[in-house]
Each structure stands twice: as C-alpha cells, then as structure tokens.
J.: 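Here you go, one structure.
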Amino acid sequence: MSVAAGPCLEVLPTEEAVATRGATLLAEALLDPQRPPTGLATGRTMLPLYGELRPLLGADKRFEPSGWRSFNLDEYVGLGPDDPRSFAAYMARYLGEPLGIPAARMQLPNGLAPNPHLEALRYRQQVQTHGLGLQLLGLGENGHVGFNEPPCDAFAPCRCVELSDATRQQNAAAFGGEAKAVPERAITLGLADILAAEEVLLVVTGANKSSVLRRVLQEPPQQLVPASWLQGHPNCLVIADRSAVCV
Ligand code: GLP
C-alpha cells in the first residue's frame, strides 16, 4: 500500500509485532511526566497491546500507578464500571487491576450519568482542561474511531451518539453474541477532540479491516469514513499487520 501524504504507515509482519510496537510507543507516552494525559481505547485490537504493555510498565522504575493520567475515548450509555461489559470494566480488567492503578486516575465518560448529553459536555470540558498527548485508536470495520459513526464530520465534538447496526453487530461478542443486547447509545470523544491530541496512534490488525484501512489512507477525507479525517492530523502514525494491508 502506498500513502501519498498524511499519516505515516508502518507495516509489521504479525499482530504480535504490532502489539509490541504499540506497547512501546504507549509506554513512552505514559511514562513521560511532561506530556499531557494519554488517550486510551478499548476493543479486541488493544488486548495483545495491553498484554505487552503490562510487563513493560511493571518492570520500569519510572512507573508510578498513582501518577497515572488517561482519558478513554468512549463508554456505552447505561453501563457502569460494575457491569463487566462496560469499557470502564474492560480498563480495570486489563490495566487498572493488574497494575494497581487507582480507578479515579483512568477516566472515562460516565455511562450511568442521568443525562448522557450533559455528561458528554462535562467529559469534553475535562479533556480540554488537561489536553491529550498520545491518543491511541482502534478502527471500526465501518471506518469509525471511538464511536464516531459514519457519516461524521471532522469538527464533531464529544457527544452522545446512536450506534449503527453494523457496530452493534461488530461488538456483539461481549454481549453473548446478541447485537440487540449491545446498548443503542454511547458517549464518545468526537473527531475534533481526537484531532486536537498532540499525536495519534491508529492500530489496525486483521484482514477484516483491510478494505476500510485502504479507504482511510488512500481516499480523500470524507464523512463516510470518519477515520479518514486523521489524514489532516500533523502527527499521526498508523501501525498495521500485513493482513490489514493486503486484500
Ligand atoms: C469499537 C470501539 C473503538 C474500537 C473499535 C475497534 O466499537 N468503540 O474504540 O477501537 O470499535 O474494535 P476492535 O478492536 O474490537 O475491532
């Protein structure tokens, strides 16, 4: 795959190599006290990466769990940290508990807030107060980042969104395979918030993402492929395994 301009693409041989590279970059950002908080993501793509990150951080003398500072991209409306299907529970399971990070240091939108629209405003304000250093992103099969479903503009703010049928289907595994059990709404950072981060790291693995990744990198930025707006970010790195770049 050739990229004319915009994001820098690194193709690595395997999903494991992507996880190692991603974890190294993430650890550098998390361990630098001079940088603003790190933006974190959930999803299956991040599991091997967080698997590599845990021992990296655990072995580093600079790692101080009580100094952790991160903001997650999104959360389902109606799910709180006590629900194992929430993104808050995901973060606790894969990073917070194994590394002893206080839950309050890993911030996410509150899926149980009585008014999710107001919660999105509150969360955006909080993110803007601190700013974001490195923003980690996965890629939805329909081109979404966070839960910015197509069509989506580059100036979309943090907000409460309706999830598409495609996304509820894609994320059904965590809900007993039932797309209908996936919440209908979520709170997500918008493309505007994501593009305001100092640096963006998009991680893409698997052949099921290859056609959308090609559109993200090679087609003009457009509403129908929300991740394509990343082409306008001055410091965006895409790391992908070979299967995600070969059709
Ligand atoms: C989900 C999340 C995204 C995630 C993406 C890819 O719906 N909202 O933050 O990065 O879709 O998910 P996966 O890594 O499971 O393919």
Side-chain angles (χ1 to χ4, degrees), residues 15-16 18-19 22-23 26 38-53 70-79 84-91 93-95 106-109 111 116 120 123 127 132 134-150 152 156 158-175 177-179 181-191 193-195 197 200-213 215-216 225-230 236-241 243-245:
E15 186 185 30
E16 293 73 35
V18 170
L26 202 52
T38 304
L40 295 178
T42 52
R44 281 154 291 192
T45 309
M46 301 308 160
L47 291 177
L49 194 151
Y50 290 154
E52 295 281 339
L53 181 67
S70 66
F71 286 98
N72 264 68
L73 277 171
D74 46 18
E75 180 60 283
Y76 291 114
V77 169
L79 302 189
R85 303 165 303 177
S86 69
F87 291 155
Y90 172 112
M91 295 307 292
R93 189 157 59 240
Y94 296 113
L95 289 180
M106 309 186 88
Q107 307 221 42
L108 296 95
Y123 193 66
V127 168
L132 291 171
L134 177 67
Q135 173 64 62
L136 177 67
L137 295 175
L139 179 64
E141 284 176 41
N142 65 357
H144 74 215
V145 282
F147 274 131
N148 290 278
E149 300 280 46
C152 179
C158 183
R159 67 208 183 284
C160 176
V161 294
E162 301 272 330
L163 298 180
S164 66
D165 292 345
T167 292
R168 293 174 76 208
Q169 192 66 54
Q170 189 194 315
N171 289 2
F175 294 82
E178 280 288 322
V182 178
E184 290 174 6
R185 295 186 299 164
I187 297 167
T188 183
L189 287 185
L191 253 304
D193 310 300
I194 291 167
L195 292 171
V200 172
L201 176 63
L202 176 66
V203 183
V204 190
T205 54
N208 56 326
K209 304 277 176 76
S210 63
S211 60
V212 74
L213 180 59
R215 299 189 69 194
V216 167
V225 187
S228 65
W229 297 116
L230 297 174
C236 176
L237 174 64
V238 181
I239 55 174
D241 67 355
S243 66
V245 290

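Whatever order the structure lists them in is the order used to number ligands and atoms, beginning at 1.
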J.: Would you say the side-chain atoms of D74 pair up with the backbone N or O of L189, donor to acceptor, closer than 3.5 Å?
T.: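 No, D74 side chain to L189 backbone: no donor-acceptor pair under 3.5 Å.
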J.: Is Y94 reaching over with its side chain to a backbone N or O of T42, donor-acceptor style, under 3.5 angstrom?
T.: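 Not confirmed, Y94 side chain does not pair with T42 backbone.
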J.: Taking the minimum heavy-atom distance to atom 6 (C) of ligand 1, which of N142, L49, L139 ranks first?
T.: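 The residue whose heavy atom sits nearest atom 6 (C) of ligand 1 is L139.
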J.: Check this for me: E141, atom CD, are more than 12 non-hydrogen atoms of other residues, nucleotides or ligands nearer than 6.0 Å?
T.: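 Yes, the 6.0 Å shell around CD holds more than 12 heavy atoms from other groups.
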J.: V161 versus N148: any side-chain heavy-atom pair under 4.5 Å?
T.: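 They are not in side-chain contact.
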J.: So among Q169, E149, Q170, which one has a side chain to side chain donor-acceptor pair (under 3.5 Å) with S164?
T.: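 Considering Q169, E149, Q170, a side chain to side chain donor-acceptor pair (under 3.5 Å) with S164 is found only for E149.
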J.: How close does the nearest protein non-hydrogen atom get to atom 15 (O) of ligand 1, and which residue and atom is it?
T.: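 Atom 15 (O) of ligand 1 sits closest to the protein heavy atom R44 N, 2.8 Å.
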J.: Applying a heavy-atom cut-off of 4.0 Å, say which part of M46 lies close to ligand 1: side chain, backbone, both or neither.
T.: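 None of M46 does.
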J.: Can you tell which of N171, L189, V182, V203 gets a heavy atom nearest to atom 7 (O) of ligand 1?
T.: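 Shortest heavy-atom distance from atom 7 (O) of ligand 1: N171.
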J.: Give a yes or no on whether the backbone of F175 and the side-chain of R85 come within a donor-acceptor separation of less than 3.5 Å.
T.: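 Answer holds: no.
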J.: Just to be sure I read this right, does ligand 1 sit under 4.0 Å from the backbone of T188, its side chain, both, or neither, counting only heavy atoms?
T.: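 The answer is neither; T188 stays 4.0 Å or more away.
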J.: If you measure from atom 3 (C) of ligand 1 to every heavy atom of G146, G140, S164, A227, which option wins on shortest distance?
T.: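 Selected option, by shortest heavy-atom distance: G146.
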J.: Are any of the side-chain heavy atoms of L73 and I194 separated by less than 4.5 Å?
T.: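 In short, these two side chains touch, coming nearer than 4.5 Å.
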J.: Can you sort out which atoms of ligand 1 are near G43, meaning under 4.0 Å from one of its heavy atoms?
T.: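 Those atoms are 14 (O), 15 (O).
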J.: Judged by non-hydrogen atoms, does H144 sit under 4.0 Å from ligand 1?
T.: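 So H144 counts as touching ligand 1.
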J.: My understanding is that only one of L230, T205, V204 makes a side chain to side chain contact (heavy atoms under 4.5 Å, CB included) with L139; could you say which?
T.: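 So, applying the side chain to side chain contact (heavy atoms under 4.5 Å, CB included) to L139 and each of L230, T205, V204, only V204 qualifies.
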J.: Please write down residue, atom name and distance for the protein heavy atom closest to atom 10 (O) of ligand 1.
T.: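 I find the closest protein heavy atom is G138 CA, 3.2 Å.
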J.: Name the closest protein heavy atom to atom 4 (C) of ligand 1, giving the residue it belongs to and the distance to 0.1 Å.
T.: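 So the nearest neighbour among protein heavy atoms is T42 O, 3.8 Å.
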J.: Counting only N and O atoms by type, is there a donor-acceptor contact under 3.5 Å from the side chain of N72 to the main-chain atoms of P109?
T.: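 Not a single qualifying donor-acceptor pair exists.
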J.: Nearest non-hydrogen contact with atom 12 (O) of ligand 1 belongs to which option: E75, E149, Q170?
T.: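 Among E75, E149, Q170, the closest heavy atom to atom 12 (O) of ligand 1 comes from Q170.
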J.: Return a yes/no value for T45: is any of its N or O atoms, backbone included, closer than 3.5 angstrom to an N or O of ligand 1?
T.: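 N/O-N/O distance below 3.5 Å exists for this pair.
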J.: Give the residue, atom name and distance (to 0.1 Å) of the protein heavy atom nearest atom 9 (O) of ligand 1.
T.: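 The closest heavy atom on the protein side is D74 OD2, 3.6 Å.
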J.: Which is it for V145 and ligand 1 at heavy atoms under 4.0 Å: side chain, backbone, both or neither?
T.: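 Neither; nothing of V145 gets under 4.0 Å from ligand 1.
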J.: Parallel, tilted or perpendicular, judged at 30° and 60°: which one describes the rings of F87 and F147?
T.: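 Rings of F87 and F147: parallel, as their planes differ by under 30°.
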J.: Side chain or backbone, does F147 bring an N or O within less than 3.5 Å of an N or O on ligand 1?
T.: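 There is no such contact.
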J.: Counting only heavy atoms, which portion of K209 has something under 4.0 Å from ligand 1: side chain, backbone, both, or neither?
T.: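 It is the side chain that gets close, since no backbone atom is under 4.0 Å.
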